[in-house]
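Report on the structure given below.
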Amino acid sequence: MQKIYYRANHCDGCQACEVACIEKKSFTKSLFMAKLEQPTPKARINFEKFDNKYWASICQHCIEAMCVGACMTGAMHYSETGEVVHNLEQCVGCGMCIMVCPFGAVVMLEDAKKVSKCDLCEDEKIPPCVIACTRRALCYCTPEDYENEGWGDGLAISHHW
Amino acid sequence: MKTKVGVMGLRYLIIGNSAAGIFAAETIRGLDSIGKITMISKEDCLPYSRCLTSYFIGKEISEEGMYIRNKDFYTQTGIDFIGGNVERVDPDSRCVWLDNGEKVNYDKLLIATGASPFSPPLEGSDMEGVFQLRTSADAKAIAEFAPKVKTAVVMGAGLVGLKGAHGLHELGIKVTVVGSAPYLMRYSTDPESSEVLIKLLEKDGYRILLNTKAERILGEKNSNGRMSVSGVVLNTGEHISCQMVLKAIGVRPNVQLVEGSGVFVNKGIVVDDEMETYVKDIYAAGDVAEADDFLTGEKSVSALWPTATEQGIIAGCNMAGLKRRYRGSLALNSAVICGVGLISAGIMNLPPGEGLVLKAVEPKKSFYRKFVIKDGRLIGMIMVGNIEGAGILSSLIRKKAKVDINYLNYLLTSPVKYHGYFPTGEGRE
């Protein structure tokens with residue numbers, strides 16, 4: 001299973017990934033129109049500058065995800081290939097997943113009173129945020145590749161509670 | 001990934017088909033593909049979420065919306081489901097007896113029977129219009145009765161009481177919440193955050209009475225000759241006229257079935273850190289289990305959905321032969337009240353003079369944040385208003401790591417974002 005990894009030391013905080021995510025998640029699929037949409041589309045990847053570094057929070061598709069255990073509706077579940085996916089239909093916006101996600105990767109869609117998170121854009125070969133990242137701070141690969149390439153710090157494979 | 005050690009093909013028996021039972025069954029099936037899994041529940045229906053019953057009352061979701069698994073769940077997972085009531089557990093001959101005289105054998109047994117609503121005796125509780133809220137049947141009964149109701153009294157200002165009140169409020173019923181505690185949801189808030197919530201609720205048309213108890217329920221004969229609720233008398237002497245009373249005082253673990261089996265029961269069924277009871281091969285998980293508390297290390301019953309699922313997973317692993325230790329239950333609560341989120345974790349109220357408390361309040365924005373720090377470690381927090389990132393803080397509590405006070409001060413007013421604190425829990429692999 002491939003997922004998105006973030007390397008803080010490569011990021012210069014351009015936020016192109018956020019923009020790409022908003023565009024992809026918008027109804028019109030156009031950045032210019034997205035601004036006018038109601039509800040305003042929200043990025044599933046979030047940045048903040050802290051301690052002179054940029055930190056991204058994005059779903060790590062944990063092997064044993066706490067959000068899946070905390071979800072009281074069954075909306076948060078594993079796909080057959082192991083990704084953590086969220087069914088918006090079932091969600092009631094209770095915030096239980098937000099309460100437990102150690103990465104802060106679940107976002108609240110205030111208008112819809114539901115939550116959402118990165119779904120790795122199943123219909124795309126490579127997620128648009130990764131394509132948009134010119135500094136290769138975002139990597140779309142399997143945990144094994146991530147470690148083998150020497151990018152990781154040994155923590156990638158142990159992302160579960 | 002998981003490595004399997006142990007024998008495959010055992011007979012697993014799970015009593016109860018809610019959070020703990022379902023997650024245990026799925027975990028067992030993942031580790032033991034040929035084992036025979038049997039589930040017994042007195043609720044002969046698909047697994048559903050008890051937390052969603054109040055949403056069903058308020059017509060926010062349909063009956064199907066309460067189900068947490070689809071209709072093919074039992075066949076897909078390979079579970080034999082029996083609808084029935086377990087009367088007795090017999091560890092010597094490794095079987096359980098149903099109340100219809102049927103016997104079911106097991107090699108590994110999981111008791112996940114949950115809890116039942118409990119309330120002290122109150123005059124008039126047997127009348128039509130007095131309800132409790134736990135099962136989907138309760139919710140359906142309330143939904144059916146609701147059209148006759150204009151005003152309702154909810155007894156209990158806990159999470160269930162408030163959610164039930166919200167469901168009724170959604171239907172246009174005028175709701176009075178009567179709580180004996182000095183503030184709302186006393187196990188998951190503090191007086192100040194409760195103040196913020198009360199303001200929101202009162203603005204929305206709820207009436208909140210705290211430090212108050214209902215003394216008796218008044219009734220009158222209705223058209224079909226039965227006594228029906230007409231009002232409630234409070235200990236303050238006040239008389240509230242209403243057509244419905246919802247009792248949401250608290251819950252008690254369902255432990256009747258293990259009486260005389262040698263399984264040790266304190267408040268709930270006492271389990272060790274592998275979720276095994278004092279009798280070998282009998283496990284317990286969920287609202288019925290009394291397991292270690294994460295922060296205090298003492299045994300306690302924690303009746304919360306995330307706790308139940310986690311205990312179910314741990315019990316399932318150990319039953320299937322993969323040894324895993326439970327890290328302890330952490331009090332975690334999330335509620336949305338009048339559209340404003342509240343999340344709390346750990347110990348919210350320390351005795352005066354102990355530890356350090358950081359607070360930020362903005363009453364106009366319904367914003368409140370509180371961090372409780374002891375020995376340089378974060379042990380509790382409350383967030384009202386912007387709740388995004390709450391999991392980062394709850395995992396900081398889980399990590400039991402020393403935290404910089406300046407950093408927490410910074411988080412008190414800014415959005416909580418991920419700053420590289422890797423929260424892969426210690427003591428858990």
Side-chain angles (χ1 to χ4, degrees), chain A residues 6 8 42 45-51 53-58 60 62-78 82 87 89-108 110-111 113 115 143 153-161, chain B residues 1-2 19 22-23 47-52 55 60-61 65-70 304-310 312-313 327 332-336 339 341-345 383 386-396 398-399 410 414-425 428-429:
Chain A
Y6 170 70
K42 221 172 166 179
I45 179 166
N46 274 296
F47 271 83
E48 199 186 40
K49 191 178 183 184
F50 182 80
D51 229 10
K53 265 189 191 163
Y54 291 92
W55 296 102
S57 47
I58 188 163
Q60 289 301 305
C62 306
I63 295 162
E64 208 172 66
M66 293 181 68
C67 56
V68 176
C71 179
M72 63 186 204
T73 64
M76 204 68 91
H77 61 280
Y78 303 107
N87 180 355
E89 292 275 296
Q90 269 177 288
C91 182
V92 294
C94 64
M96 301 279 262
C97 44
I98 293 179
M99 173 176 84
V100 294
C101 176
F103 302 101
V106 186
V107 296
M108 190 67 139
E110 276 90 3
D111 302 277
K113 288 189 186 157
V115 302
D153 41 14
L155 287 165
I157 303 178
S158 61
H159 277 176
H160 60 88
W161 51 268
Chain B
M1 288 306 275
K2 285 162 189 164
I22 293 299
F23 276 76
Y48 68 93
S49 171
R50 298 198 203 287
C51 312
L52 290 174
Y55 292 84
E60 288 168 88
I61 55 168
M66 282 198 284
Y67 297 132
I68 51 169
R69 294 290 183 270
N70 62 22
L304 300 166
W305 185 272
T307 312
T309 58
E310 199 176 326
I313 292 170
R327 55 183 176 169
L332 283 166
N333 273 293
S334 171
V336 180
L342 168 127
I343 287 180
S344 66
M383 286 169 95
N386 185 3
I387 55 167
E388 271 181 10
I392 296 167
L393 293 169
S394 66
S395 65
L396 266 182
R398 282 277 192 208
K399 214 185 163 197
Y410 165 78
S414 12
V416 183
K417 296 267 174 74
Y418 179 62
H419 293 149
Y421 273 84
F422 265 94
T424 36
R428 147 76 78 183
E429 288 308 325

* By a 4.5 Å heavy-atom criterion (distance strictly below it), what part of A:Val107 contacts chain B: side chain, backbone, both, or neither? -> both

* Is there side-chain contact between B:Pro306 and A:Met66, with heavy atoms separated by less than 4.5 Å? -> no

* If you count heavy-atom pairs under 4.5 Å between each of B:Ala345, B:Ala390, B:Gly339, B:Ser334 and chain A, which one has the most? -> B:Ser334

* Structure fact -> Rounding to 0.5 Å, atoms CD1 (B:Ile68) and CE (A:Met72) come to a distance of 11.0 Å

* **Closest contact, heavy atoms only, A:Val68 versus B:Phe23** => O-CZ, 3.7 Å

* Against chain B, label A:Cys101 side chain, backbone, both or neither, depending on which of its atoms sit under 4.5 Å from a heavy atom there. => backbone

* List the atom of A:Val100, the atom of B:Ser394, and the distance in Å for their closest heavy-atom pair. => CA-OG, 4.0 Å

* Asked: Non-hydrogen atoms of chain A under 4.5 Å away: do they reach the side chain of B:Ile343, the backbone, both or neither?
  -> side chain

* Can A:Lys42 and B:Glu388 be counted as an ion pair, charged N to O under 4.0 angstrom? -> yes

* Examine whether an atom of A:Cys97 lies under 4.5 Å from a heavy atom of chain B, and if so say whether it belongs to the side chain, the backbone or both; otherwise answer neither. => neither

* To do: For each of A:Ala75, A:Ala56, A:Gly93, A:Ala70, tally heavy-atom pairs with chain B at distances under 4.5 Å, and name the one with the top tally.
  => A:Ala70

* To do: Please state whether the side chain, the backbone, both or neither of A:Tyr6 comes within less than 4.5 Å of a heavy atom of chain B.
  => neither

* If you take all heavy atoms of B:Tyr418 and A:Pro102, which pair is closest and at what distance? -> CD1-O, 3.9 Å

* To do: Count the heavy-atom pairs under 4.5 Å between each of B:Ala335, B:Gly341, B:Ser49 and chain A, then report the option with the highest count.
  => B:Ser49

* Listed once per pair and sorted, the side chain to side chain donor-acceptor pair (under 3.5 Å) pairs that draw on residues 89-106 of chain A, sequence neighbours left out -> A:Asn87-A:Gln90

* Please flag which part of B:Ile387 lies under 4.5 Å from any non-hydrogen atom of chain A: side chain, backbone, both or neither. => both

* B:Lys417 and A:Phe50: CA distance, side-chain angles, deciding distance, side-chain contact (heavy atoms from CB on, under 4.5 Å) verdict -> CA-CA 9 Å; B:Lys417 296 267 174 74; A:Phe50 182 80; over 6 Å; no

* What part of B:Arg50 gets closer than 4.5 Å to chain A, counting heavy atoms only: side chain, backbone, both or neither? -> neither

* How long is the span from the SG atom in A:Cys94 to the CG atom in B:Asn333, to the nearest 0.5 Å? -> 11.5 Å

* Asked: Going from CD on B:Glu310 to CD on A:Glu64, what distance comes out if it is rounded to the nearest 0.5 angstrom?
  -> 8.5 Å

* Drop me the distance from A:Met99's CE to B:Leu304's CG, to the nearest 0.5 angstrom. => 7.5 Å

* Structure fact -> Scored by heavy-atom pairs under 4.5 Å with chain B, the best of A:Cys71, A:Gly95, A:Gly69 is A:Gly69

* To do: Among the options B:Cys51, B:Gly389, B:Ala19, pick out the one with the most heavy-atom pairs lying under 4.5 Å from chain A.
  => B:Cys51

* Part of B:Tyr410 lying under 4.5 Å from any heavy atom of chain A -> side chain

* Quick one: what part of A:Ala8 sits under 4.5 Å from any heavy atom of chain B, side chain, backbone, both or neither? -> neither

